[in-house]
2 protein chains.
Amino acid sequence: MRYAPTHKEEARARLVEATGALAKQKGFSATGVDSLMAAAGMTSGAFYAHFRSKNELLESIVQNELRRSAQLFAAPTRAQALKVLKGYLSNAHVEHPESGCAVPALAPEIARAGASTQQVFEQGVAELQARFRDLVGDDAKAWALLAQLVGAVTVARALPPGASRGALLDGAARQVEQLLAAAPASESS
Amino acid sequence: MRYAPTHKEEARARLVEATGALAKQKGFSATGVDSLMAAAGMTSGAFYAHFRSKNELLESIVQNELRRSAQLFAAPTRAQALKVLKGYLSNAHVEHPESGCAVPALAPEIARAGASTQQVFEQGVAELQARFRDLVGDDAKAWALLAQLVGAVTVARALPPGASRGALLDGAARQVEQLLAAAPASESS
DNA sequence: GTCTATAGTAAGATAGAC
DNA sequence: GTCTATCTTACTATAGAC
(Lines give C-alpha, C1' and ligand atoms only; values in the text may rest on other atoms or scores of the structure.)
Protein backbone atom coordinates (compact mmCIF):
# COMPACT_ATOMS: atom_id res chain seq x y z
CA MET A 1 0.00 0.00 0.00
CA ARG A 2 1.15 3.51 -0.71
CA TYR A 3 0.16 4.90 2.68
CA ALA A 4 1.67 4.14 6.08
CA PRO A 5 -0.43 1.79 8.19
CA THR A 6 -1.09 4.59 10.66
CA HIS A 7 -2.13 6.97 7.91
CA LYS A 8 -5.81 6.21 7.98
CA GLU A 9 -6.33 6.69 11.69
CA GLU A 10 -4.24 9.85 11.68
CA ALA A 11 -6.20 11.23 8.75
CA ARG A 12 -9.42 10.35 10.47
CA ALA A 13 -8.34 12.07 13.67
CA ARG A 14 -7.46 15.22 11.71
CA LEU A 15 -10.81 15.00 9.96
CA VAL A 16 -12.75 14.83 13.21
CA GLU A 17 -10.79 17.79 14.58
CA ALA A 18 -11.17 20.04 11.55
CA THR A 19 -14.78 19.18 10.81
CA GLY A 20 -15.68 19.53 14.47
CA ALA A 21 -14.50 23.12 14.52
CA LEU A 22 -16.40 23.93 11.33
CA ALA A 23 -19.56 22.19 12.52
CA LYS A 24 -19.52 24.14 15.77
CA GLN A 25 -19.13 27.37 13.86
CA LYS A 26 -21.53 26.97 10.93
CA GLY A 27 -23.77 24.18 12.16
CA PHE A 28 -23.40 20.52 11.24
CA SER A 29 -26.30 19.92 8.89
CA ALA A 30 -25.90 23.38 7.38
CA THR A 31 -22.38 22.46 6.28
CA GLY A 32 -21.96 20.24 3.23
CA VAL A 33 -19.52 17.34 2.95
CA ASP A 34 -17.54 19.38 0.42
CA SER A 35 -16.93 22.19 2.90
CA LEU A 36 -16.23 19.81 5.76
CA MET A 37 -13.56 17.98 3.79
CA ALA A 38 -12.07 21.18 2.43
CA ALA A 39 -11.55 22.30 6.04
CA ALA A 40 -9.33 19.24 6.47
CA GLY A 41 -7.54 19.80 3.17
CA MET A 42 -9.28 17.03 1.27
CA THR A 43 -12.09 16.59 -1.21
CA SER A 44 -15.48 15.03 -0.68
CA GLY A 45 -14.61 11.83 -2.50
CA ALA A 46 -12.30 10.73 0.31
CA PHE A 47 -14.96 11.21 2.96
CA TYR A 48 -16.59 7.82 2.62
CA ALA A 49 -13.31 5.99 3.10
CA HIS A 50 -13.54 7.16 6.71
CA PHE A 51 -17.23 7.39 7.51
CA ARG A 52 -20.20 5.45 6.23
CA SER A 53 -22.43 8.50 6.38
CA LYS A 54 -22.44 12.11 7.41
CA ASN A 55 -24.24 11.20 10.59
CA GLU A 56 -21.47 8.80 11.57
CA LEU A 57 -19.12 11.77 11.43
CA LEU A 58 -21.39 13.68 13.79
CA GLU A 59 -21.08 10.92 16.34
CA SER A 60 -17.29 10.97 16.09
CA ILE A 61 -17.30 14.74 16.50
CA VAL A 62 -19.54 14.59 19.55
CA GLN A 63 -17.36 11.97 21.19
CA ASN A 64 -14.13 13.82 20.45
CA GLU A 65 -15.41 17.24 21.47
CA LEU A 66 -17.03 16.21 24.74
CA ARG A 67 -13.98 14.26 25.81
CA ARG A 68 -11.84 17.33 25.32
CA SER A 69 -14.28 19.52 27.23
CA ALA A 70 -14.37 17.09 30.13
CA GLN A 71 -10.57 17.11 30.28
CA LEU A 72 -10.61 20.90 30.41
CA PHE A 73 -12.76 20.85 33.53
CA ALA A 74 -10.61 18.17 35.14
CA ALA A 75 -8.15 20.85 36.20
CA PRO A 76 -5.54 19.82 38.78
CA THR A 77 -6.51 22.58 41.23
CA ARG A 78 -9.82 24.12 42.10
CA ALA A 79 -8.51 27.57 41.22
CA GLN A 80 -7.75 26.42 37.69
CA ALA A 81 -11.18 24.86 37.33
CA LEU A 82 -12.75 28.16 38.35
CA LYS A 83 -10.76 29.88 35.64
CA VAL A 84 -12.13 27.46 33.05
CA LEU A 85 -15.65 28.22 34.28
CA LYS A 86 -15.02 31.96 33.90
CA GLY A 87 -13.75 31.35 30.39
CA TYR A 88 -16.87 29.38 29.54
CA LEU A 89 -19.00 32.42 30.35
CA SER A 90 -16.71 34.86 28.56
CA ASN A 91 -17.41 36.93 25.48
CA ALA A 92 -14.54 35.16 23.76
CA HIS A 93 -16.29 31.81 24.12
CA VAL A 94 -19.55 33.28 22.88
CA GLU A 95 -17.87 34.75 19.83
CA HIS A 96 -15.69 31.76 18.96
CA PRO A 97 -17.81 28.62 18.89
CA GLU A 98 -15.28 26.90 16.61
CA SER A 99 -12.83 26.53 19.49
CA GLY A 100 -15.47 26.24 22.22
CA CYS A 101 -17.75 23.71 23.82
CA ALA A 102 -19.76 21.48 21.49
CA VAL A 103 -22.82 21.32 23.73
CA PRO A 104 -24.33 24.76 23.05
CA ALA A 105 -23.14 24.59 19.44
CA LEU A 106 -24.51 21.18 18.52
CA ALA A 107 -27.10 20.08 21.08
CA PRO A 108 -30.18 20.88 18.95
CA GLU A 109 -28.72 18.96 16.01
CA ILE A 110 -27.94 16.02 18.27
CA ALA A 111 -31.53 16.17 19.52
CA ARG A 112 -32.72 15.77 15.93
CA ALA A 113 -30.22 13.06 15.06
CA GLY A 114 -30.70 9.35 15.65
CA ALA A 115 -30.79 7.46 18.92
CA SER A 116 -27.20 6.25 18.61
CA THR A 117 -25.95 9.83 18.34
CA GLN A 118 -27.85 10.71 21.48
CA GLN A 119 -26.28 7.79 23.30
CA VAL A 120 -22.80 8.96 22.35
CA PHE A 121 -23.79 12.39 23.61
CA GLU A 122 -25.08 10.93 26.85
CA GLN A 123 -21.74 9.27 27.54
CA GLY A 124 -19.84 12.47 26.84
CA VAL A 125 -22.17 14.51 29.01
CA ALA A 126 -21.78 12.00 31.81
CA GLU A 127 -18.02 12.65 31.86
CA LEU A 128 -18.64 16.39 31.93
CA GLN A 129 -21.19 16.07 34.71
CA ALA A 130 -18.78 13.96 36.74
CA ARG A 131 -16.20 16.74 36.59
CA PHE A 132 -18.85 19.22 37.70
CA ARG A 133 -19.75 16.95 40.57
CA ASP A 134 -16.16 17.21 41.75
CA LEU A 135 -16.60 20.97 41.82
CA VAL A 136 -20.01 21.41 43.43
CA GLY A 137 -20.22 18.30 45.57
CA ASP A 138 -23.49 16.68 44.54
CA ASP A 139 -25.24 15.36 41.47
CA ALA A 140 -28.20 17.70 41.29
CA LYS A 141 -26.03 20.80 41.57
CA ALA A 142 -23.72 19.43 38.89
CA TRP A 143 -26.64 19.13 36.47
CA ALA A 144 -27.77 22.65 37.37
CA LEU A 145 -24.27 23.96 36.69
CA LEU A 146 -24.19 22.26 33.32
CA ALA A 147 -27.56 23.70 32.36
CA GLN A 148 -26.56 27.16 33.58
CA LEU A 149 -23.40 27.20 31.46
CA VAL A 150 -24.98 25.79 28.33
CA GLY A 151 -28.06 28.00 28.53
CA ALA A 152 -26.07 31.17 29.05
CA VAL A 153 -23.82 30.57 26.05
CA THR A 154 -26.72 29.37 23.89
CA VAL A 155 -28.74 32.52 24.51
CA ALA A 156 -25.73 34.87 24.44
CA ARG A 157 -24.79 33.67 20.96
CA ALA A 158 -28.24 34.48 19.62
CA LEU A 159 -28.10 38.00 21.07
CA PRO A 160 -26.40 40.80 19.17
CA PRO A 161 -23.20 42.10 20.77
CA GLY A 162 -24.18 44.61 23.43
CA ALA A 163 -25.43 45.25 26.91
CA SER A 164 -27.99 42.47 27.22
CA ARG A 165 -25.43 39.83 26.32
CA GLY A 166 -23.07 41.14 28.98
CA ALA A 167 -25.81 41.23 31.59
CA LEU A 168 -26.79 37.66 30.78
CA LEU A 169 -23.23 36.34 31.07
CA ASP A 170 -22.77 38.29 34.29
CA GLY A 171 -25.98 36.98 35.82
CA ALA A 172 -24.99 33.43 34.92
CA ALA A 173 -21.51 33.91 36.37
CA ARG A 174 -22.96 35.09 39.69
CA GLN A 175 -25.21 32.07 39.82
CA VAL A 176 -22.25 29.79 39.14
CA GLU A 177 -20.30 31.43 41.94
CA GLN A 178 -23.15 30.74 44.28
CA LEU A 179 -23.33 27.10 43.22
CA LEU A 180 -19.63 26.72 43.94
CA ALA A 181 -19.75 28.59 47.24
CA ALA A 182 -22.68 26.60 48.62
CA ALA A 183 -20.91 23.29 48.18
CA PRO A 184 -17.27 23.12 49.21
CA ALA A 185 -14.81 21.23 47.08
CA SER A 186 -14.15 17.55 47.43
CA GLU A 187 -10.81 18.32 45.83
CA SER A 188 -7.45 19.75 46.84
CA SER A 189 -7.25 23.56 47.10
CA MET B 1 -59.96 41.23 -5.97
CA ARG B 2 -60.97 37.68 -5.22
CA TYR B 3 -59.74 37.68 -1.63
CA ALA B 4 -61.08 39.61 1.35
CA PRO B 5 -58.92 42.56 2.39
CA THR B 6 -58.08 40.81 5.65
CA HIS B 7 -57.16 37.60 3.88
CA LYS B 8 -53.47 38.33 3.48
CA GLU B 9 -52.76 39.20 7.08
CA GLU B 10 -54.80 36.26 8.30
CA ALA B 11 -52.97 33.93 5.96
CA ARG B 12 -49.66 35.36 7.08
CA ALA B 13 -50.55 34.88 10.73
CA ARG B 14 -51.51 31.26 10.06
CA LEU B 15 -48.26 30.82 8.17
CA VAL B 16 -46.16 32.11 11.03
CA GLU B 17 -47.99 29.84 13.46
CA ALA B 18 -47.76 26.67 11.42
CA THR B 19 -44.21 27.18 10.20
CA GLY B 20 -43.09 28.15 13.70
CA ALA B 21 -44.24 24.82 15.08
CA LEU B 22 -42.53 22.91 12.28
CA ALA B 23 -39.31 24.93 12.60
CA LYS B 24 -39.17 24.27 16.33
CA GLN B 25 -39.63 20.55 15.71
CA LYS B 26 -37.41 19.87 12.70
CA GLY B 27 -35.11 22.89 12.73
CA PHE B 28 -35.58 25.98 10.61
CA SER B 29 -32.82 25.69 8.03
CA ALA B 30 -33.27 21.93 7.87
CA THR B 31 -36.86 22.44 6.72
CA GLY B 32 -37.49 23.41 3.12
CA VAL B 33 -39.93 26.06 1.94
CA ASP B 34 -42.03 23.28 0.41
CA SER B 35 -42.47 21.54 3.77
CA LEU B 36 -43.03 24.80 5.63
CA MET B 37 -45.81 25.84 3.29
CA ALA B 38 -47.34 22.37 3.24
CA ALA B 39 -47.66 22.61 7.04
CA ALA B 40 -49.88 25.65 6.46
CA GLY B 41 -51.85 23.96 3.69
CA MET B 42 -50.25 25.89 0.83
CA THR B 43 -47.58 25.39 -1.80
CA SER B 44 -44.18 27.01 -2.03
CA GLY B 45 -45.18 29.37 -4.83
CA ALA B 46 -47.33 31.39 -2.46
CA PHE B 47 -44.56 31.86 0.04
CA TYR B 48 -42.98 34.90 -1.55
CA ALA B 49 -46.26 36.79 -1.58
CA HIS B 50 -45.84 36.98 2.20
CA PHE B 51 -42.08 37.02 2.82
CA ARG B 52 -39.21 38.34 0.77
CA SER B 53 -36.94 35.52 1.87
CA LYS B 54 -36.83 32.49 4.11
CA ASN B 55 -34.86 34.46 6.66
CA GLU B 56 -37.61 37.09 6.87
CA LEU B 57 -39.93 34.28 7.93
CA LEU B 58 -37.50 33.31 10.68
CA GLU B 59 -37.70 36.81 12.11
CA SER B 60 -41.49 36.70 12.10
CA ILE B 61 -41.43 33.32 13.82
CA VAL B 62 -39.02 34.53 16.49
CA GLN B 63 -41.14 37.60 17.21
CA ASN B 64 -44.37 35.63 17.36
CA GLU B 65 -42.99 32.77 19.45
CA LEU B 66 -41.19 34.88 22.05
CA ARG B 67 -44.20 37.11 22.51
CA ARG B 68 -46.34 34.10 23.29
CA SER B 69 -43.75 32.71 25.70
CA ALA B 70 -43.52 36.01 27.54
CA GLN B 71 -47.30 36.07 27.90
CA LEU B 72 -47.22 32.58 29.37
CA PHE B 73 -44.90 33.73 32.14
CA ALA B 74 -46.97 36.83 32.80
CA ALA B 75 -49.32 34.75 34.91
CA PRO B 76 -51.79 36.65 37.12
CA THR B 77 -50.65 34.92 40.31
CA ARG B 78 -47.26 33.75 41.49
CA ALA B 79 -48.59 30.22 41.96
CA GLN B 80 -49.58 30.05 38.31
CA ALA B 81 -46.19 31.34 37.21
CA LEU B 82 -44.54 28.58 39.25
CA LYS B 83 -46.67 26.07 37.44
CA VAL B 84 -45.48 27.39 34.09
CA LEU B 85 -41.88 27.07 35.30
CA LYS B 86 -42.49 23.45 36.29
CA GLY B 87 -43.98 22.80 32.89
CA TYR B 88 -40.95 24.30 31.21
CA LEU B 89 -38.74 21.72 32.91
CA SER B 90 -41.10 18.82 32.24
CA ASN B 91 -40.56 15.78 30.07
CA ALA B 92 -43.54 16.87 27.99
CA HIS B 93 -41.81 20.11 27.04
CA VAL B 94 -38.61 18.24 26.21
CA GLU B 95 -40.46 15.81 23.98
CA HIS B 96 -42.70 18.33 22.25
CA PRO B 97 -40.62 21.21 20.92
CA GLU B 98 -43.29 22.02 18.35
CA SER B 99 -45.58 23.42 21.02
CA GLY B 100 -42.82 24.65 23.33
CA CYS B 101 -40.46 27.56 23.80
CA ALA B 102 -38.61 28.79 20.72
CA VAL B 103 -35.42 29.70 22.57
CA PRO B 104 -33.93 26.23 23.08
CA ALA B 105 -35.30 25.11 19.72
CA LEU B 106 -34.05 27.96 17.57
CA ALA B 107 -31.31 29.88 19.41
CA PRO B 108 -28.37 28.34 17.52
CA GLU B 109 -30.01 29.08 14.20
CA ILE B 110 -30.69 32.65 15.30
CA ALA B 111 -27.02 32.93 16.30
CA ARG B 112 -26.05 32.00 12.74
CA ALA B 113 -28.65 34.26 11.11
CA GLY B 114 -28.16 37.93 10.33
CA ALA B 115 -27.89 40.86 12.71
CA SER B 116 -31.51 41.91 12.20
CA THR B 117 -32.73 38.48 13.29
CA GLN B 118 -30.65 38.76 16.43
CA GLN B 119 -32.15 42.15 17.18
CA VAL B 120 -35.65 40.75 16.90
CA PHE B 121 -34.55 37.98 19.24
CA GLU B 122 -33.08 40.50 21.67
CA GLN B 123 -36.41 42.32 21.92
CA GLY B 124 -38.29 39.11 22.50
CA VAL B 125 -35.81 37.94 25.11
CA ALA B 126 -36.09 41.29 26.87
CA GLU B 127 -39.83 40.73 27.36
CA LEU B 128 -39.16 37.27 28.71
CA GLN B 129 -36.45 38.51 31.04
CA ALA B 130 -38.75 41.23 32.34
CA ARG B 131 -41.31 38.62 33.34
CA PHE B 132 -38.58 36.66 35.11
CA ARG B 133 -37.54 39.81 36.93
CA ASP B 134 -41.07 40.00 38.31
CA LEU B 135 -40.56 36.52 39.70
CA VAL B 136 -37.06 36.65 41.17
CA GLY B 137 -36.74 40.32 42.04
CA ASP B 138 -33.56 41.44 40.30
CA ASP B 139 -32.00 41.53 36.87
CA ALA B 140 -29.04 39.25 37.36
CA LYS B 141 -31.15 36.48 38.85
CA ALA B 142 -33.64 36.83 36.00
CA TRP B 143 -30.88 36.22 33.45
CA ALA B 144 -29.65 33.25 35.47
CA LEU B 145 -33.17 31.81 35.53
CA LEU B 146 -33.48 32.20 31.77
CA ALA B 147 -30.15 30.48 31.19
CA GLN B 148 -31.04 27.69 33.61
CA LEU B 149 -34.32 26.94 31.84
CA VAL B 150 -32.95 27.14 28.32
CA GLY B 151 -29.84 25.12 29.11
CA ALA B 152 -31.75 22.35 30.84
CA VAL B 153 -34.19 21.87 27.96
CA THR B 154 -31.43 22.19 25.35
CA VAL B 155 -29.34 19.43 26.92
CA ALA B 156 -32.32 17.27 27.86
CA ARG B 157 -33.48 17.16 24.26
CA ALA B 158 -30.11 15.89 23.10
CA LEU B 159 -30.13 13.10 25.69
CA PRO B 160 -31.93 9.84 25.03
CA PRO B 161 -35.01 9.23 27.18
CA GLY B 162 -33.86 7.82 30.49
CA ALA B 163 -32.39 8.43 33.88
CA SER B 164 -29.85 11.12 33.04
CA ARG B 165 -32.46 13.30 31.40
CA GLY B 166 -34.65 13.05 34.47
CA ALA B 167 -31.76 13.85 36.79
CA LEU B 168 -30.87 16.89 34.72
CA LEU B 169 -34.41 18.25 34.72
CA ASP B 170 -34.67 17.58 38.43
CA GLY B 171 -31.40 19.32 39.22
CA ALA B 172 -32.45 22.33 37.19
CA ALA B 173 -35.85 22.43 38.92
CA ARG B 174 -34.21 22.51 42.34
CA GLN B 175 -31.96 25.34 41.26
CA VAL B 176 -34.98 27.26 39.98
CA GLU B 177 -36.76 26.75 43.29
CA GLN B 178 -33.78 28.18 45.08
CA LEU B 179 -33.70 31.20 42.79
CA LEU B 180 -37.35 31.86 43.53
CA ALA B 181 -37.04 31.31 47.27
CA ALA B 182 -34.04 33.61 47.67
CA ALA B 183 -35.86 36.59 46.22
CA PRO B 184 -39.43 37.17 47.35
CA ALA B 185 -42.04 38.21 44.84
CA SER B 186 -42.68 41.80 43.90
CA GLU B 187 -46.11 40.57 42.89
CA SER B 188 -49.37 39.58 44.55
CA SER B 189 -49.38 36.02 45.93
C1' DG C 1 -6.56 6.70 0.41
C1' DT C 2 -7.43 10.38 -2.35
C1' DC C 3 -8.70 12.35 -6.49
C1' DT C 4 -12.13 13.96 -10.46
C1' DA C 5 -16.53 13.31 -12.26
C1' DT C 6 -21.19 12.39 -11.80
C1' DA C 7 -25.67 10.36 -10.47
C1' DG C 8 -29.84 11.58 -8.16
C1' DT C 9 -32.28 14.48 -5.12
C1' DA C 10 -33.70 18.69 -2.80
C1' DA C 11 -32.83 23.25 -1.77
C1' DG C 12 -34.25 28.76 -2.38
C1' DA C 13 -36.33 31.55 -5.42
C1' DT C 14 -38.95 33.14 -9.80
C1' DA C 15 -42.48 33.17 -13.94
C1' DG C 16 -46.85 33.04 -15.69
C1' DA C 17 -51.68 31.15 -15.59
C1' DC C 18 -55.91 31.78 -13.03
C1' DG D 1 -53.08 35.23 -3.44
C1' DT D 2 -52.27 30.78 -4.81
C1' DC D 3 -51.22 27.48 -8.04
C1' DT D 4 -47.96 24.53 -11.29
C1' DA D 5 -43.71 24.49 -13.55
C1' DT D 6 -39.06 25.62 -13.76
C1' DC D 7 -34.32 27.83 -13.17
C1' DT D 8 -30.07 27.43 -10.69
C1' DT D 9 -27.49 25.82 -7.18
C1' DA D 10 -26.10 22.68 -3.57
C1' DC D 11 -26.60 18.52 -1.28
C1' DT D 12 -25.32 13.22 0.00
C1' DA D 13 -23.36 9.52 -1.90
C1' DT D 14 -21.07 6.57 -5.49
C1' DA D 15 -17.84 5.08 -9.50
C1' DG D 16 -13.52 4.58 -11.46
C1' DA D 17 -8.71 6.30 -12.28
C1' DC D 18 -4.30 6.55 -9.91
Side-chain angles (χ1 to χ4, degrees), chain A residues 1-20 22-62 106 108-110 112-114 116-117, chain B residues 1-20 22-62 106 108-110 112-114 116-117:
Chain A
M1 68 173 67
R2 294 152 59 201
Y3 294 91
T6 60
H7 182 97
K8 181 165 180 173
E9 50 192 279
E10 287 169 4
R12 188 186 149 117
R14 278 202 321 273
L15 267 178
V16 174
E17 273 299 314
T19 58
L22 192 57
K24 287 188 290 180
Q25 186 176 41
K26 309 271 192 190
F28 180 73
S29 51
T31 309
V33 174
D34 270 1
S35 310
L36 289 168
M37 292 301 283
M42 289 192 239
T43 62
S44 71
F47 180 85
Y48 295 90
H50 296 280
F51 306 98
R52 273 179 305 184
S53 70
K54 203 190 168 191
N55 194 73
E56 194 176 288
L57 169 62
L58 177 57
E59 295 184 15
S60 298
I61 289 175
V62 168
L106 299 179
E109 311 212 54
I110 296 164
R112 289 163 191 140
S116 78
T117 310
Chain B
M1 65 174 68
R2 295 152 58 203
Y3 294 90
T6 60
H7 182 95
K8 180 164 183 175
E9 51 191 278
E10 288 170 3
R12 188 185 150 117
R14 277 202 320 273
L15 268 179
V16 174
E17 274 298 315
T19 60
L22 192 57
K24 287 187 291 179
Q25 185 175 41
K26 309 271 191 190
F28 181 72
S29 49
T31 309
V33 174
D34 270 3
S35 309
L36 289 169
M37 292 300 282
M42 287 192 241
T43 62
S44 70
F47 180 85
Y48 295 91
H50 295 280
F51 306 99
R52 273 178 305 183
S53 71
K54 204 190 167 192
N55 195 72
E56 194 176 288
L57 169 62
L58 178 57
E59 295 183 16
S60 299
I61 288 175
V62 169
L106 299 180
E109 311 214 54
I110 297 164
R112 289 163 191 140
S116 78
T117 310

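All values below were derived from every heavy atom in this structure, side-chain atoms included, with hydrogens, water molecules and symmetry-related copies excluded. Predicted model only: the values in this text are computed from it and were never measured. Here is how names work: the chains are called A, B, and so on, in the same order as the sequence lines, proteins then strands, and each is numbered from 1.
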Heavy-atom neighbours of A:Lys26 NZ exceed 12 at 6.0 Å: no
Verdict with reasoning, B:Thr117 to B:Glu59, per side-chain contact (heavy atoms from CB on, under 4.5 Å): CA-CA 5 Å; B:Thr117 310; B:Glu59 295 183 16; 3.2 Å; yes
Once you round it to whole Å, what is the distance between [atom2] of [N] and [atom1] of [X]?
X       : N      : atom1 : atom2 : answer
A:Arg52 : D:dT12 : CZ    : C1'   : 16 Å
B:Leu57 : C:dG12 : CG    : C1'   : 13 Å
B:Asp34 : D:dT6  : CG    : P     : 15 Å
B:Leu36 : C:dA10 : CG    : P     : 16 Å
A:Phe47 : C:dT4  : CZ    : P     : 17 Å
A:Met37 : D:dA10 : CE    : C1'   : 18 Å
B:His50 : C:dA13 : NE2   : C1'   : 16 Å
B:Phe51 : C:dT14 : CZ    : P     : 15 Å

Touch class at under 4.0 angstrom, heavy-atom based, for A:Thr31 against every strand present: sugar-phosphate
Touch class at under 4.0 angstrom, heavy-atom based, for A:Gly32 against every strand present: sugar-phosphate
Side chain of [X], heavy atoms from C-beta onward: which of [options] has the nearest atom to it?
X       : options               : value
A:His7  : D:dA13, C:dG1, D:dC3  : C:dG1
A:Met42 : C:dC3, C:dG1, C:dG12  : C:dC3
B:Lys54 : C:dG1, C:dG12, D:dG1  : C:dG12
A:Val33 : D:dT12, C:dT2, C:dG12 : D:dT12
B:Ser44 : D:dC11, C:dC3, D:dA5  : D:dA5

Below 4.0 Å: OP1/OP2 of C:dC3 and any side-chain N or O of A:Thr43: yes
N/O (side chain, B:Tyr48) to phosphate O (OP1/OP2, C:dT14) under 4.0 Å: no
Rounded distance (nearest 0.5 Å) linking atom CZ of A:Phe51 with atom CZ of A:Arg12: 4.5 Å
Side-chain donor-acceptor contact under 3.5 Å, B:Arg112 with B:Ser29: no
Residue met sooner reading DNA chain D from 5', once B:Ala46 and A:Ser53 are mapped to nucleotides: B:Ala46
Derivation and outcome, side-chain contact (heavy atoms from CB on, under 4.5 Å), residues A:Leu57 and A:Phe28: CA-CA 10 Å; A:Leu57 169 62; A:Phe28 180 73; 4.0 Å; yes
